[in-house]
Protein chains: 2
Amino acid sequence: MHWLNPDEERAWRAFLRVMVTVQAGTSGDLAAVGLSEPDYEVLSTLSERPGHTSTLHAQADKMGWSRSRLSRHASRMEERGLLRRTPDPADGRGCLLVLTEEGLDALTTAASAHVESVRRHFIDRLTPDDLTAIEQIARRLEDPQADNGR
Amino acid sequence: MHWLNPDEERAWRAFLRVMVTVQAGTSGDLAAVGLSEPDYEVLSTLSERPGHTSTLHAQADKMGWSRSRLSRHASRMEERGLLRRTPDPADGRGCLLVLTEEGLDALTTAASAHVESVRRHFIDRLTPDDLTAIEQIARRLEDPQADNGR
DNA sequence: CGGGTGTCGTTGACATGTAAACAATCTACC
DNA sequence: GGTAGATTGTTTACATGTCAACGACACCCG
């Protein structure tokens with residue numbers, strides 16, 4: 001068995017802590033404007049669609065969520081008036097998720113607070129070199145080939 | 001309002017994706033040996049205590065969990081035989097969490113699989129420079145002072 | 001056309017987290 | 001010593017996610 005050496009151990013632990021810290025920061029700031037991170041994710045990806053509309057299935061796909069999860073979350077957001085369900089004219093099984101006025105307003109408000117939050121907790125604390133390093137690290141960690149040789 | 005420029009945007013999105021990807025990788029591998037990440041966290045931090053024992057409150061503190069969460073999780077782990085509750089001789093309100101033989105075995109088995117998993121999903125994909133960069137980035141992101149001047 | 005097969009969104013059963021309230025107990029201070 | 005206030009672990013109520021099963025519909029192919 002090949003354990004982690006001290007450098008590796010520190011880097012791994014640092015990585016774990018950072019995930020928790022940054023997540024807590026941005027999600028706390030979003031909560032202050034009345035949205036959860038999943039809420040924000042739904043609103044912002046939906047707002048990027050033509051007509052602020054998408055099939056539940058397509059939307060779930062784009063966000064990497066299960067249809068089940070999005071269906072439940074959409075119901076909660078519908079109750080809050082952030083979006084609406086409409087029957088899909090192109091597919092009798094499907095439904096369309098449509099952003100409401102209220103949902104768009106909520107997003108607009110939240111967006112600027114969120115960008116500020118991301119700056120405060122993340123961007124502004126890092127140098128341009130750090131940002132470049134993060135992209136490189138991400139490329140390596142996401143490479144689907146990289147875990148072949150074992 | 002000061003939006004993110006393209007470099008910043010890419011770095012932020014990369015960071016978000018990486019959190020999901022690595023988390024999914026290691027937690028999937030842990031599941032294959034019958035533990036969740038929270039399970040592993042409890043087992044490993046508890047095993048570091050003298051006598052493999054700690055009060056619920058101290059343990060929760062050390063892990064950054066609420067007592068409520070740990071109480072619930074400990075109950076589930078107790079049902080599975082991974083740990084045991086004992087009245088705390090030093091505090092009539094409290095209880096001690098004690099790792100069982102079975103819990104220690106589970107940890108021992110899981111630990112080597114987990115290290116291998118961390119290597120495969122994280123360490124082995126990165127250069128020593130990347131690891132150093134991660135530590136530096138973590139220091140900056142965790143600095144409690146850094147969000148003062150705004 | 002007309003079935004077999006697959007996909008869509010929803011739902012039931014459950015797992016796991018949070019926040020707040022609670023009883024039991026400790027602690028500090030007079 | 002005795003009491004006011006904290007702290008401990010649990011619990012209740014709820015929020016949110018998973019997985020599997022489901023009915024309704026679409027689609028392909030003979």
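Residue numbers begin at 1 in each chain, while the letters A, B, ... track the order of the sequences. Only heavy atoms go into these numbers, but all of them, side chains included; no hydrogens, no water, no symmetry mates.
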A.B. asks: Starting at the 5' end of DNA chain D and moving along, which residue's nearest nucleotide shows up first, Arg76(A) or Ala90(A)?
C.D. replies: Arg76(A)

A.B. asks: Distance-only, no hydrogens or angles: does the Ser75(B) side chain make a donor-acceptor pair with backbone N or O of Ser71(B) under 3.5 Å?
C.D. replies: yes

A.B. asks: Rounded to the nearest angstrom, tell me the gap between atom CG in Asp61(A) and atom P in dT7(C).
C.D. replies: 12 Å

A.B. asks: Just the rounded figure in Å: distance from C1' of dT16(D) to CG of Asp39(A).
C.D. replies: 11 Å

A.B. asks: Taking CD from Glu79(B) and C1' from dT16(C), how many angstroms apart are they, rounded to a whole number?
C.D. replies: 13 Å

A.B. asks: For Glu41(B) and dT16(C), give me the distance from atom CD to atom P, rounded to whole Å.
C.D. replies: 14 Å

A.B. asks: Do Thr53(A) side-chain atoms and Arg49(A) backbone N/O form a donor-acceptor pair below 3.5 Å?
C.D. replies: no

A.B. asks: For the pair Thr127(B) and Asp130(B), evaluate side chain to side chain donor-acceptor pair (under 3.5 Å) and give the outcome as yes or no after the intermediate values.
C.D. replies: CA-CA 5 Å; Thr127(B) 67; Asp130(B) 290 336; 3.3 Å; yes

A.B. asks: Could you walk me through whether Arg125(A) and Ile137(B) pass the side chain to side chain contact (heavy atoms under 4.5 Å, CB included) test, one step at a time?
C.D. replies: CA-CA 9 Å; Arg125(A) 293 164 176 255; Ile137(B) 288 167; over 6 Å; no

A.B. asks: At under 4.0 Å between heavy atoms, what does Ser36(A) touch on the DNA or RNA strands: base, sugar-phosphate, or nothing?
C.D. replies: nothing

A.B. asks: From CD of Glu37(A) over to C1' of dG17(C), roughly how many Å is that when rounded to an integer?
C.D. replies: 15 Å

A.B. asks: What is the per-nucleotide protein-contact pattern of nucleotides 3-12 of chain D, from the 5' end, where B denotes a base atom under 4.0 Å from a protein heavy atom, S denotes such proximity for sugar-phosphate atoms only, and - denotes neither?
C.D. replies: ---BBBBBBB

A.B. asks: Which pair of non-hydrogen atoms, one from Glu142(B) and one from Ala14(A), has the smallest distance, and what is that distance?
C.D. replies: OE2-O, 4.4 Å

A.B. asks: Tell me: CZ of Arg80(A) to P of dA15(D), nearest whole Å?
C.D. replies: 11 Å

A.B. asks: Between the side chain of Thr45(A) and the main-chain N/O of Glu41(A), is any donor-acceptor distance below 3.5 Å?
C.D. replies: yes

A.B. asks: Tell me whether Gln59(A) contacts the main-chain N or O of Leu97(A) through its side chain, where contact means a donor paired with an acceptor under 3.5 Å.
C.D. replies: no

A.B. asks: For Leu30(B) and dT16(C), what is the distance between atoms CG and P respectively, to the nearest whole Å?
C.D. replies: 14 Å

A.B. asks: Please list residues of residues 16-26 of chain A whose heavy atoms come under 4.0 Å from any atom in DNA chain D, ordered by number; otherwise none.
C.D. replies: none

A.B. asks: With the threshold set at 4.0 Å, does a side-chain nitrogen-carboxylate oxygen contact exist between Arg119(A) and Glu8(B)?
C.D. replies: yes

A.B. asks: Over 60° means perpendicular and under 30° means parallel, so tell me whether Phe15(A) and Phe122(B) are parallel, tilted or perpendicular.
C.D. replies: tilted

